[in-house]
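Because the structure is predicted, anything quoted here is derived from the model rather than measured. Remember, it's 1-based here, ligands and their atoms both numbered in the order they're listed.
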Amino acid sequence: MGLPEVLDRIERACRRAGRDPRGVRLVAVTKGHSVPEIQERVLRYGAFPLGESRIQEALPKLAVLAAEWHYIGPLQRNKAKFAVRFELVHSVDSLRLAETLARKACEAGKVQRVLLELNLGREPQKHGFLEEELAEVLPRVRELEGLRVEGLMTVAPYTENSEEVRPIFARLSRLADAFGLAERSMGMSGDFEVAVEEGATLVRVGRALFEPG
Ligand SMILES: *Cc1c(COP(=O)(O)O)cnc(C)c1O
């Protein structure tokens, strides 16, 4: 598909939903791709935020590519000190992780921007809070010095037909509204247009940017 086509599709999805395209940011997911590939497939089109899902793979890229880096993958607490090098961490999935991140952020002298990950599909293999936990967890995370909770994130269940996950995205938006959170990180290569129609402010797209064409 390539990045220009992805942007075009985001814009058309915005138009269908009556949204301003400036309200959606494309996070280019660069896992599995080298720095030259990232330059060729992403950065030649502009300074897009870049997303990585494994600390070990990401650190060498952060060292050489000046970009707005986002961490989107599962995060072990013993790697939290590295995660605070990222601008935004999308994947806070436990209170203990939030506490550790807050401590590391304070040590680094920064306020770490984070999203809370929700497992809205209730899939046992997926990370994230259950939606009924949010009302209890959110105030506790909001209290932590060193963290700023800006929104919610979800990875929708895998499906061939993205219409099937529309209710999941709609639910994330409703929850973000209900809790006064601005950012909704949802939508990947297979389902980002539906996510945009349902209110995504950050779409995390990888494969579609790097496949030929
Ligand atoms: C890899 C990944 C993406 C991007 O998925 P694609 O299908 O390659 O677009 C988005 N979010 C998370 C959390 C990922 O790990």
Do the side chains of [X] and [Y] get close enough for a salt bridge, i.e. N-O under 4.0 angstrom?
{"X": "Arg44", "Y": "Glu40", "value": "yes"}
{"X": "Lys104", "Y": "Glu107", "value": "yes"}
{"X": "Glu183", "Y": "Arg25", "value": "no"}

So which heavy atom in the protein is nearest [atom], and how far is it from that ligand atom?
{"atom": "atom 4 (C) of ligand 1", "value": "Arg204 O, 3.6 Å"}
{"atom": "atom 5 (O) of ligand 1", "value": "Met188 CE, 3.5 Å"}
{"atom": "atom 13 (C) of ligand 1", "value": "Ile72 O, 3.4 Å"}
{"atom": "atom 9 (O) of ligand 1", "value": "Ser189 OG, 2.5 Å"}

Listed partners of Glu160 passing salt bridge (charged side-chain N to carboxylate O under 4.0 Å, His left out), at least two apart: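 Scan of Glu160 (salt bridge (charged side-chain N to carboxylate O under 4.0 Å, His left out), adjacent residues dropped) gives none.
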Should you measure from each heavy atom of [X], which atoms of ligand 1 turn up under 4.0 Å away?
{"X": "Arg207", "answer": "6 (P), 7 (O), 8 (O), 9 (O)"}
{"X": "Val205", "answer": "9 (O)"}
{"X": "Lys31", "answer": "1 (C), 2 (C), 3 (C), 14 (C), 15 (O)"}

Below 3.5 Å, can you tabulate the donor-acceptor pairs from side chains in residues 45-52 to any protein atom, sequence neighbours excluded?
| from | atom 1 | to | atom 2 | distance (Å) |
| --- | --- | --- | --- | --- |
| Glu52 | OE2 | Thr30 | OG1 | 2.6 |
| Glu52 | OE2 | Lys61 | NZ | 2.8 |

Shortest non-hydrogen contact from Gly190 toward Ser162: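 What the structure gives for the nearest pair is O-CB, 3.5 Å.
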